[in-house]
Amino acid sequence: MVIKFQNIQFELISKIRTTVSGNIDLYLGCDADRREEGLYTVACVRDMELARKLIPMTTKQNVSLSFRDLHASFNADGKYYVIFHHASGKTLQQALEDGNYHLRERLVILKNIFAQMFLLNMPECFLYEALRKENIVLDDSLGVRFNYFFTEINYYWQVQEKDLMNRMNGLVHELFARELEQKKSRDLAEFVTDLDEGRYGYLWDCYVAYDEVYETVLEKTEQRELEPGRFWWRAWERFKKMLPTVRTVLAAALIVSAAIYLLWSLPNPAVSDNGVSFGQIGTLKIKETAQTK
C-alpha cells in the first residue's frame, strides 16, 4: 500500500498495531523514492476530530525545529497521517531483561536518555510517550533514540511535569535496581531518594543532579570503590542466604537428638539388674525355673 501526498510517496511495509483507542493504525513504512533514508512509523488517524486535536503538536509549523523525529504530517484520502522516524534495534526493556549491561554502561544510558530528551525538545505528550522503556532504543555505542506509538493518546492532553517525573523515576529504579537492592552506591541511593520524595520539580533539575551523581559514581567504578554496605550489613545478607540451609541442619539435629534420647532412656532387659519378666508370648505360656547358684 502506498500513500501519496504532493510529491512524496510512503510505502507501508507492515502493520505494527492499532492503538487502544482504535482510532489510529500504526504502520512501518519507508519513502518509496528514497528507501535509503530509513524506516518510518506511519500513524493513520481515522477519526478527524482526534486529528484536529493532534494537529497543534504534530505539524512542523507548531513544534520546535529541533524535534527532528517528526518527519511529516498531512491529510490524504480523508485521513490524517503523522510520520515519525522509526528507531530499530534493542529496546531498553530488552536490555534490562537481558541484564548484560554493567553499571558504567547503565550510567551512560541514562545520561544519553537525558541528553537526547533535551536535544529533541519534543512536546510533553510525546516525551511522556518516549520515556517508556519499550520505546527507548539503544545502538551499539549506547546512543539513544525514541519511538512514538501513540500508546496513551487519551492521556496526551493531561500530561504534566509530574507525570514526566514519575516516568523518569520508574526508569531510574529499573536501570539501577541491582545497585539499590545491594546498597552498592550511597550516591545513587541518595539521588533516588530525592527523586522519590519529589525534590526535583522539573526534569532539568533532575538532569543537573544526575550529572553530578554520574561523574561521582563513574569515578568510583573506575577506582573500584563501589562495595556493598558495611561489614555487618554484608554479614547479615550472607546469613539470610544461608538461613534455609541452617534451618534444615537444625531440624535434622533436633530429630537425631530426640532419637538418641529415646534410645538412651528406654530400659534394656539384657543389662538391667531387675530385668523384665514375660509370662506369656502370644499363646505360649512361659514357666519360670529356679536358678541354682
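These numbers come from the heavy atoms of this one structure, side chains and all, not from hydrogens, waters or symmetry mates.
For the pair Ile24 and Leu50, the minimum side-chain heavy-atom distance is below 4.5 Å. In this structure the side chain of Asp31 never reaches within 4.5 angstrom of the side chain of Gln9, judged on heavy atoms. Counting heavy atoms from C-beta outward, Gln61 and Ile55 have side chains that stay 4.5 Å or more apart. Using a 4.5 Å heavy-atom cutoff, the side chains of His173 and Asp196 are in contact. Within the 4.5 Å cutoff, no side-chain heavy atoms of Met122 are placed close to those of Tyr128. Side-chain contact between Leu92 and Leu175 is present, with heavy atoms from C-beta onward closer than 4.5 Å. Counting only heavy atoms from C-beta outward, the side chains of Val208 and Tyr200 never approach each other to under 4.5 Å. Contact of the Phe150 side chain with the Val45 side chain is not registered, since no non-hydrogen atoms from C-beta on lie closer than 4.5 Å.
Legend: salt bridge (Lys or Arg N to Asp or Glu O under 4.0 Å) pairs involving residues 81-93, not counting sequence neighbours, sorted by first then second residue: Lys90-Asp98.
Not a single donor-acceptor pair under 3.5 Å links the side chain of Thr58 to the backbone N or O of Val82. Looking at Arg167, its side chain never comes within 3.5 Å of a backbone N or O of Ala130 through a donor-acceptor pair. Glu161 places a side-chain N or O within 3.5 Å of a backbone atom of Leu203 that can act as its donor or acceptor partner.
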_Test side-chain contact (heavy atoms from CB on, under 4.5 Å) on Phe191 and Ser185; report intermediate values, then the result._
CA-CA 10 Å; Phe191 170 71; Ser185 171; over 6 Å; no
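Taking hydrophobic clusters as Ile, Leu, Val, Met, Phe, Trp and Tyr residues chained together by side-chain heavy-atom distances below 4.5 Å, Ile8 shares a cluster with Met1. Cluster membership check: Phe146 shares its hydrophobic cluster with Met57, using side-chain heavy-atom separations under 4.5 Å among Ile, Leu, Val, Met, Phe, Trp and Tyr. Leu131 and Val137 fall into different hydrophobic clusters, where Ile, Leu, Val, Met, Phe, Trp and Tyr residues are linked whenever their side-chain heavy atoms come under 4.5 Å apart, directly or through other members. Hydrophobic clustering (ILVMFWY, side-chain heavy atoms < 4.5 Å, transitive): Val172 and Leu188 are in one cluster. By the rule that hydrophobic residues join a cluster once side-chain heavy atoms approach within less than 4.5 Å of another member, Val159 and Tyr202 end up as members of separate clusters.
Here Leu119 contributes atom CG and Ser64 contributes atom OG; the two are 9.5 Å apart, rounded to the nearest 0.5 Å. In this structure, CG on Asn147 lies 9.5 Å from OG1 on Thr91, to the nearest 0.5 angstrom. For the atom pair CG of Asn112 and CE of Met117, the computed distance is 11.5 Å after rounding to the nearest 0.5 Å. Summarising the geometry, atom CD1 belonging to Ile83 is positioned 9.0 Å from atom OG1 belonging to Thr41; distances are rounded to the nearest 0.5 Å. Here the straight-line distance linking atom OH of Tyr101 with atom CG of Leu96 works out to 9.5 Å at 0.5 Å rounding. Taken to the nearest 0.5 Å, the CG atom of Leu28 stands 10.5 Å off from the CD atom of Glu11.
Remark: Arg178 pairs with no residue by the salt bridge (charged side-chain N to carboxylate O under 4.0 Å, His left out) rule, at least two apart or across chains. Remark: His85 pairs with Tyr40, His71, Arg145 by the side-chain contact (heavy atoms from CB on, under 4.5 Å) rule, at least two apart or across chains. Checked against side-chain hydrogen bond (donor to acceptor under 3.5 Å, both in side chains), Gln93 has no partners two or more places apart in sequence or in another chain. Residues forming a salt bridge (charged side-chain N to carboxylate O under 4.0 Å, His left out) with Glu212 (at least two apart in sequence, or on another chain): none. With sequence neighbours left out, Lys111 forms a side-chain contact (heavy atoms from CB on, under 4.5 Å) with Tyr207, Tyr210, Asp211, Tyr214.
Annotation for Pro56 and Val63: closest pair O-CG1, 4.3 Å, computed over non-hydrogen atoms. Closest approach of Ala72 and Lys60 over heavy atoms only: N-CE, 4.5 Å. The minimum heavy-atom distance between Lys79 and Cys44, with the atom names listed, is CD-SG, 3.2 Å. Asn121 and Ser66 get closest at one heavy-atom pair: CB-OG, 3.3 Å. Between Ala43 and Leu26, the shortest heavy-atom distance links the atoms CB-CD2, 3.7 Å. Nearest heavy-atom pair, Thr18 versus Lys15, reported as atom, atom and distance to 0.1 Å: OG1-NZ, 3.0 Å.
The aromatic ring centres of Phe126 and Phe84 sit less than 6.0 Å apart.
Classification of the Phe67-Tyr148 ring pair by plane angle, with boundaries at 30° and 60°, yields perpendicular.
A cation-pi arrangement is absent between Arg106 and Phe176, since the terminal nitrogen or guanidinium carbon is not both under 6.0 Å from the aromatic centre and inside a 45° cone about the axis.
Ionic pairing of Lys220 and Glu179 is not present here: no N-O contact between side-chain nitrogen and carboxylate oxygen is shorter than 4.0 angstrom.
Around the OH atom of Tyr155, the shell of radius 6.0 Å holds more than 12 heavy atoms that belong to other residues, nucleotides or ligands. At most 12 heavy atoms of other shown residues, nucleotides or ligands fall within 6.0 angstrom of atom CG in Leu65.
Here the options are Ile3, Ile13, Val42, the test is side chain to side chain contact (heavy atoms under 4.5 Å, CB included), and the partner is Tyr27; only Val42 passes.
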